[in-house]
Amino acid sequence: MIHTLINMFSYTFMMRAITVGILVSLCSALLGVSLVLKRYSMIGDGLSHVGFGSLAVATALGLSPLKITVPVVIIAAVLLLRLSEKSKLKGDSAIGIISVTAMAVGVLSVSVSTGLNTDLYSYLFGSILAMTADDVTLSIILSAAVIALYVIFYNRIFAVTFDEHFAKAGGTPAPLYNMLIAVLTAITIVLGMRMMGSLIISALIIFPAVTSMRLCKSYRSVTLCSAVLSVVCFCIGIVISFLYDLPTGASIVTVNAVMLIVFMIIEKIVKR
Amino acid sequence: MSLISAKNITLAYDGTEVVHNLSFSIDRGDYLCIIGENGSGKSTLTKALLGLISPVQGTVEYGDGLKSKEIGYLPQQTDVQKDFPASVYEIVLSGCHNALGRLPFYKTTHKSRAEFALKRLGIENIRNTCYHELSGGQQQRVLLARALCATDRLLILDEPAAGLDPIITTQFYEIIKELNTKENITIIMVSHDKSAVLDYSDKILHLTDDSYIFASKNEYLNSDFGKSFLGGGAK
Ligand SMILES: Nc1ncnc2c1ncn2[C@@H]1O[C@H](COP(=O)(O)OP(=O)(O)OP(=O)(O)O)[C@@H](O)[C@H]1O
Ligand SMILES: [Mg+2]
């Protein structure tokens with residue numbers, strides 16, 4: 001087994017997948033805390049479907065997938081945020097409609113261009129073979145930017161997430177920071193989508209935050225714990241998927257789910 | 001020069017007027033109570049004073065170099081999610097976010113403000129406790145401490161004692177009065193609590209559906225309006 005593990009690092013595609021995966025896990029964990037607390041997790045889900053649609057269309061047209069999908073999903077993020085700020089209920093159904101439509105457009109364009117084959121499968125469930133060297137570079141730059149912006153604005157993001165009215169009264173433009181969170185989420189989702197799969201990427205946003213909230217009592221500890229958990233779960237997941245030849249995204253989500261159960265059990269024990 | 005003054009302001013939501021042609025001004029060190037029935041526009045007025053909504057007519061003017069973002073605010077409702085993980089210290093410190101300017105992180109001066117506010121409100125001992133594990137009274141103290149971090153001049157408190165038991169309520173009002181007298185912080189407080197209005201305020205702004213009265217407490221009490229409103233509550 002140790003031999004297989006050492007072997008794992010000798011493949012270029014594995015090194016790429018691990019690099020991008022760790023960065024995406026970090027980004028999604030950080031943003032997940034705000035999204036879950038603001039009840040915006042639906043937006044993450046909607047964005048991953050839009051991402052799927054645009055990825056499929058870009059591929060069908062022979063365009064560079066990341067360079068098309070990043071701006072499309074950012075625009076979708078701004079739109080979805082507006083919708084859900086207007087009215088929670090209408091917002092939720094609008095997000096539902098947009099995601100399903102994007103999904104349908106994606107499926108159609110895949111079937112027209114190449115037929116329903118492995119492409120579709122890899123968009124939905126991810127493929128660690130998907131990353132080219134260019135993609136890796138772009139991913140590193142973008143996720144570094146996401147992490148840097150998050151850290152720089154951490155205190156304001158906290159203020160806005162905790163109490164928008166108070167934040168506004170103190171001169172922090174809350175809508176702008178909501179927008180920032182949505183845009184950073186869009187970037188993270190697109191980056192993670194091709195490796196983890198669009199059906200699964202939004203789980204990576206929700207799980208670490210929800211899991212850490214079982215045990216951590218302050219915003220900072222939830223944030224740090226989410227970041228660590230997310231990276232740890234990713235690493236365990238990708239090793240398992242490599243060792244037993246399982247789909248990467250699904251393995252990572254399963255590890256996250258197990259972690260959540262473990263945290264819930266510990267919470268029960270601690271509370272007693 | 002007065003600290004804050006409203007000049008003929010009219011406030012409206014989507015064309016529906018809530019406050020019409022209102023003027024008043026308060027000076028440094030004043031303790032103003034805003035009273036009036038539910039829906040008379042008290043919260044709306046506080047939001048206008050904070051610059052969160054702009055009047056459709058008239059202006060809100062700040063004197064003495066006060067800026068709207070330097071006002072400490074305790075909102076009527078804080079729609080904080082039930083299980084939001086945030087420690088008391090984190091919340092109190094977040095009151096300093098208006099002083100960050102271009103800095104990304106809080107400086108020592110901000111942190112010592114937070115320490116001062118924690119002490120002032122007597123909540124240092126629960127600084128690491130999670131907000132949602134606190135009682136209603138403790139939560140209000142935390143939010144008042146946060147407001148205190150944001151200002152050394154003017155606090156706008158929108159029904160700060162709503163939902164607190166009588167003993168805690170009195171304690172809370174005493175703290176606010178102390179901030180007013182000892183730290184010389186001007187107070188604007190929305191309240192339905194007649195005895196608090198009588199005990200603590202020195203000016204009163206009474207909003208009604210179609211009009212308003214702005215007067216010092218004594219003038220107000222001697223007016224017919226004041227007598228009938230405060231009725232049995234008068235000493
Ligand atoms: N965001 C809003 N959009 C539209 N109308 C609003 C909004 N907020 C308040 N109103 C309306 O404005 C009027 C005044 O509301 P406001 O909250 O200022 O009253 P209030 O005096 O603070 O009442 P209470 O004592 O219940 O707190 C009410 O009729 C209310 O329906
Ligand atoms: Mg009100």
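To find a chain, count down the sequence lines: A is the first, B the second, and so on, and within it residues start at 1. Quick caveat, the model's predicted, so the values are computed rather than measured.
Formation of a donor-acceptor pair under 3.5 Å by the N155(A) side chain with backbone atoms of P104(B) is found in this model.
Nearest heavy atom pair, residue E133(B) against residue K217(A), reads OE2-CE, 3.4 Å. Residues C216(A) and P85(B) share a closest heavy-atom pair of O-CB, 4.0 Å.
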Per-pair distances, 0.1 Å, donor-acceptor, side chain in residues 158-178 of chain A, under 3.5 Å, sequence neighbours excluded:
| from | atom 1 | to | atom 2 | distance (Å) |
| --- | --- | --- | --- | --- |
| T161(A) | OG1 | I157(A) | O | 2.5 |
| D163(A) | OD1 | H165(A) | N | 3.2 |
| D163(A) | OD1 | F166(A) | N | 3.2 |
| D163(A) | OD2 | R146(B) | NH1 | 3.2 |
| D163(A) | OD2 | R146(B) | NH2 | 2.9 |
| E164(A) | OE2 | K38(A) | NZ | 3.2 |
| E164(A) | OE2 | N178(A) | ND2 | 3.3 |
| T172(A) | OG1 | H97(B) | ND1 | 2.6 |
| N178(A) | OD1 | K38(A) | NZ | 3.3 |
| N178(A) | ND2 | E85(A) | OE2 | 3.1 |

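Dense packing is recorded around NZ of K177(B), with more than 12 heavy atoms of other residues, nucleotides or ligands lying under 6.0 Å away.
Heavy atoms of V36(A) lying under 4.5 Å from chain B belong exclusively to its backbone. Using a 4.5 Å cut-off between heavy atoms, I91(B) touches chain A through backbone and side chain atoms alike. Contacts of E70(B) with chain A are absent, with no heavy-atom separation under 4.5 Å from either backbone or side chain.
The interface of residues 107-131 of chain B with chain A, defined by heavy-atom distances below 4.5 Å, comprises C130(B), Y131(B). Among the residues in residues 149-159 of chain B, those with a non-hydrogen atom closer than 4.5 angstrom to a non-hydrogen atom of chain A are A150(B). Close approach to chain A, defined as a heavy atom under 4.5 Å from one of its heavy atoms, is seen in no residue of residues 36-47 of chain B.
When each of L103(B), L93(B), L52(B) is scored by its heavy-atom pairs under 4.5 Å with chain A, the top score falls to L52(B). Ranking A86(B), S94(B), S87(B) against chain A, the residue ahead of the rest is A86(B), based on heavy-atom pairs under 4.5 Å.
Summarising the geometry, atom OH belonging to Y219(A) is positioned 6.0 Å from atom CZ belonging to F84(B); distances are rounded to the nearest 0.5 Å.
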